[in-house]
Amino acid sequence: LCTFPMKLWLLVNSPGVRSVRWDASGEALFIDQGLFERELLGVGPSAAGEEELFKTKKFGSIVRQLNLYGFHKVTVDPGSCGVGSSPRPSTARGDSSYADGPLHRFWNPHFRYDRPDLLLKIRRLTKANKEKLDAGLEVTSRLADDLQH
């Protein structure tokens with residue numbers, strides 16, 4: 001079972017995926033909505049006939065999943081965003097621009113280029129989990145529970 005954060009991690013680190021990239025600091029994601037929709041959601045004329053990664057074709061549903069897993073949208077400053085630069089290697093064509101837009105930037109404290117171990121700390125924000133967090137309790141991962149049995 002591949003969780004949403006793990007799928008996102010694999011996508012952002014895949015050299016074949018152009019629509020999702022690390023920012024220059026490796027602490028946030030840039031998602032080119034138009035390219036993401038065609039490349040990964042199968043929307044539009046250049047959609048690949050590959051197996052569906054997500055159970056939706058709507059970008060809004062992806063943003064909702066990001067929010068449920070604790071990602072926050074960060075304002076993109078066009079002058080200093082560092083799209084496509086280190087730590088993510090540029091594509092073979094040297095393409096570091098986004099032509100399709102709009103460009104979205106998302107941040108989660110446990111989603112970082114150099115720390116795949118932190119993925120285990122990303123939890124889906126359910127009503128029960130939110131109540132636990134508000135009460136100062138730790139939220140355990142279903143994945144960790146499954147591994148214990």
Side-chain angles (χ1 to χ4, degrees), residues 1-126 129-130 132-133 138-147:
L1 181 67
C2 192
T3 64
F4 182 81
M6 181 57 74
K7 281 183 190 177
L8 204 53
W9 178 263
L10 294 172
L11 290 173
V12 75
N13 289 301
S14 169
V17 174
R18 293 176 40 235
S19 58
V20 184
R21 300 184 197 171
W22 290 107
D23 71 352
S25 69
E27 295 179 359
L29 293 175
F30 282 109
I31 300 177
D32 177 332
Q33 181 176 339
L35 188 55
F36 187 94
E37 288 172 341
R38 286 195 312 280
E39 188 176 49
L40 301 172
L41 298 181
V43 177
S46 64
E50 299 173 16
E51 182 182 329
E52 288 185 7
L53 281 170
F54 303 103
K55 295 177 183 175
T56 183
K57 293 198 177 295
K58 296 180 181 176
F59 187 75
S61 296
I62 299 298
V63 172
R64 184 170 182 273
Q65 285 294 310
L66 285 162
N67 292 330
L68 282 172
Y69 280 97
F71 285 81
H72 301 281
K73 191 167 182 180
V74 182
T75 305
V76 176
D77 178 6
S80 64
C81 63
V83 175
S85 56
S86 287
R88 173 75 188 257
S90 61
T91 60
R93 294 188 352 240
D95 179 19
S96 63
S97 64
Y98 283 91
D100 299 321
L103 182 63
H104 303 278
R105 185 177 184 206
F106 292 94
W107 175 84
N108 180 308
H110 303 299
F111 197 87
R112 296 184 39 174
Y113 175 78
D114 57 347
R115 297 290 307 276
D117 58 299
L118 292 178
L119 288 174
L120 293 174
K121 293 183 177 239
I122 299 177
R123 308 280 187 258
R124 189 169 191 272
L125 190 58
T126 61
N129 286 352
K130 184 171 180 352
K132 286 180 185 177
L133 290 171
E138 184 175 340
V139 176
T140 56
S141 168
R142 272 186 258 167
L143 179 61
D145 291 344
D146 291 345
L147 292 175

Closest contact, heavy atoms only, Leu11 versus Val17: O-CB, 3.5 Å
Rounded distance [0.5 Å steps], OH in Tyr113 versus CH2 in Trp9: 8.0 Å
Close side-chain approach of Ile31 and Phe59, heavy atoms under 4.5 Å: yes
Parallel, tilted or perpendicular: ring planes of Phe71 versus Phe111, cut at 30 and 60 degrees: perpendicular
Spatial distance of atom CG (Leu120) from atom CZ (Arg115) [nearest 0.5 Å]: 11.0 Å
Asn108 CG to Asn67 CG distance, which is reported to the nearest 0.5 Å: 10.5 Å
Which atom of Ala28 lies closest to which atom of Arg105, heavy atoms considered: CB-NE, 3.6 Å
Gap between atom NZ of Lys55 and atom CD of Gln65 - 0.5 Å precision: 9.5 Å
Over all atoms of both residues, closest heavy-atom pair of Thr56 and Ile62: CG2-CD1, 3.9 Å
Spacing of CG belonging to Leu10 relative to CG belonging to Leu119, to within rounding of 0.5 Å: 8.5 Å
Test applied, side-chain hydrogen bond (donor to acceptor under 3.5 Å, both in side chains); reference residue, Ser19; option that passes from Glu39, Gln33, Glu37: Glu39
For the student: nearest non-hydrogen atoms of Leu40 and Phe54, plus distance: O-CD1, 4.3 Å
Gap separating the CH2 atom of Trp22 from the CG atom of Leu29, nearest 0.5 angstrom: 5.5 Å
Pair His104 + Phe36: ring centers closer than 6.0 Å: no
Heavy-atom pair with the smallest gap, counting every atom of Leu118 and Pro109: CD1-O, 4.1 Å
